[in-house]
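Structure record follows, encoded as structure tokens.
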Amino acid sequence: SAAAPTATTAALRVGLNMVDGEGLTGYTKFPGISRWNRGLSFTEVAYKYKNIGLSTPRNVIIDTDMCGDIDDAAAIATAAVLHKAGHLNIIAVVTNSSDPASAPCADVILRKYGVTGIPIGAYKGSSTPSSSVFSSQIVSRFGPSVGISSTSTRANYSDATSVITSALQNSSNVTYCSLGFLNNLA
């Protein structure tokens, strides 16, 4: 039986559009599921379901903790694909954890998928978990290839609440997708 990968390995695979179930055996909390996503990458899933019947793209703010596990990286990657295909309009991405690499990690993933110009904000408080196994490694390993310093931190990004406020003032009919902590809404 293969050993479960580290969170770093799994997250880096998501950041590179390489999650396909290979090597992720045992990396699940649910008994009886031996593979993650059964051979389809998140990008393939997004493209497969891109014709979701929206007459106009939905305006979306993504609020993510981007720490601890790979679900947020996968969500941002999927949203980026739908954004590029014109089925979703990402108007802002904000982070809600105090992990120093959370905001640049989200930025790297968006840029890896060819999505630029999206306002990105970072939680400036300290009341959430502050370390991540993978986000700093995604930034250091892949940031330079998309124009982000390998040492970039959340300090380099605007305050999340300011980004949210601006996005809401400049857009209508917005869907707020909160993945993680709710401190940006408090």
Side-chain angles (χ1 to χ4, degrees), residues 4-19 23-24 27-29 36 42-43 60-81 83-84 88 90-168 174 176-186:
T6 64
T8 302
T9 303
L12 290 176
R13 295 178 90 179
V14 168
L16 281 175
N17 182 26
M18 295 191 310
V19 166
L24 296 180
Y27 190 72
T28 178
K29 296 178 184 176
W36 197 250
F42 289 104
T43 302
V60 174
I61 296 173
I62 300 172
D63 187 346
T64 169
D65 58 21
M66 194 53 73
C67 70
D69 51 31
I70 66 167
D71 63 325
D72 300 273
I76 289 177
T78 301
V81 169
H83 178 86
K84 289 283 288 183
L88 191 67
I90 303 171
I91 61 171
V93 174
V94 295
T95 60
N96 55 45
S97 78
S98 55
D99 174 22
S102 57
C105 182
D107 199 1
V108 167
I109 294 168
L110 286 171
R111 290 185 191 200
K112 274 295 204 185
Y113 284 89
V115 177
T116 59
I118 305 292
I120 296 177
Y123 173 64
K124 298 298 183 171
S126 60
S127 63
T128 66
S130 62
S131 64
S132 173
V133 176
F134 66 87
S135 58
S136 63
Q137 290 186 24
I138 287 176
V139 173
S140 65
R141 184 166 177 189
F142 304 110
S145 70
V146 293
I148 297 172
S149 168
S150 62
T151 59
S152 183
T153 69
R154 68 187 177 127
N156 302 108
Y157 291 81
S158 298
D159 177 67
T161 55
S162 298
V163 171
I164 293 166
T165 301
S166 178
L168 291 172
V174 175
Y176 195 92
C177 301
S178 183
L179 312 166
F181 309 107
L182 299 175
N183 48 14
N184 288 328
L185 297 175

Check residues 100-108 and write down every donor-acceptor pair under 3.5 Å in which the side-chain atom is one partner and the other belongs to a residue at least two apart or another chain.
unit_1, atom_1, unit_2, atom_2, d
Ser102, OG, Thr95, OG1, 3.4
Ser102, OG, Asp99, O, 2.9
Asp107, OD1, Arg111, NE, 3.0
Asp107, OD2, Tyr157, OH, 2.8

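- Judged by distance alone, the side chain of Asp65 and the main-chain N or O of Phe181 form no donor-acceptor pair under 3.5 Å.
- Taking Thr161 as the reference, Asp159 meet the side chain to side chain contact (heavy atoms under 4.5 Å, CB included) condition, with sequence neighbours excluded.
- Checked against side chain to side chain donor-acceptor pair (under 3.5 Å), Ser166 has the following partners two or more places apart in sequence or in another chain: Asn170.
- From Tyr176, atom OH reaches atom CD1 of Ile164 across 3.5 Å, with rounding to the nearest 0.5 Å.
- For Ser158, the side chain to side chain donor-acceptor pair (under 3.5 Å) test picks out no residue, with sequence neighbours left out.
- Residue Arg154 comes nearest to Lys124 through the heavy atom pair O-NZ, 3.0 Å, listed as atom of the first residue, atom of the second, then distance.
- Judged purely by atom type and a 3.5 angstrom limit, Lys112 has no side-chain atom pairing as donor or acceptor with the backbone of Ser145.
- Applying the side chain to side chain contact (heavy atoms under 4.5 Å, CB included) criterion to Asp71, with sequence neighbours excluded, gives Asp69.
- The shortest non-hydrogen separation linking Ser149 to Val139 is O-CG1, 3.6 Å.
- Minimum heavy-atom separation, Ile118 to Val93: CG2-N, 4.0 Å.
- Under the side chain to side chain contact (heavy atoms under 4.5 Å, CB included) criterion, Leu179 pairs with Ile62, Thr64, Asp72, Ala75, sequence neighbours left out.
- Take Ser150 and apply the side chain to side chain donor-acceptor pair (under 3.5 Å) test, not counting sequence neighbours, and it matches no residue.
- Note: Leu110 CG to Lys84 NZ = 11.0 Å, rounded to the nearest 0.5 Å.
- To the nearest 0.5 Å, atoms OG (Ser98) and OH (Tyr123) are separated by 6.5 Å.
- We find the CD1-CG distance between Ile61 and Leu168 to be 4.0 Å, quoted to the nearest 0.5 Å.
- A search for side chain to side chain donor-acceptor pair (under 3.5 Å) contacts involving Asn184 returns Asp63, not counting sequence neighbours.
- The structure places CG of Asn156 at 7.5 Å from OG1 of Thr151, a figure rounded to the nearest 0.5 Å.
- Atom CZ of residue Phe142 and atom CD1 of residue Ile109 lie 10.0 Å apart, to the nearest 0.5 angstrom.
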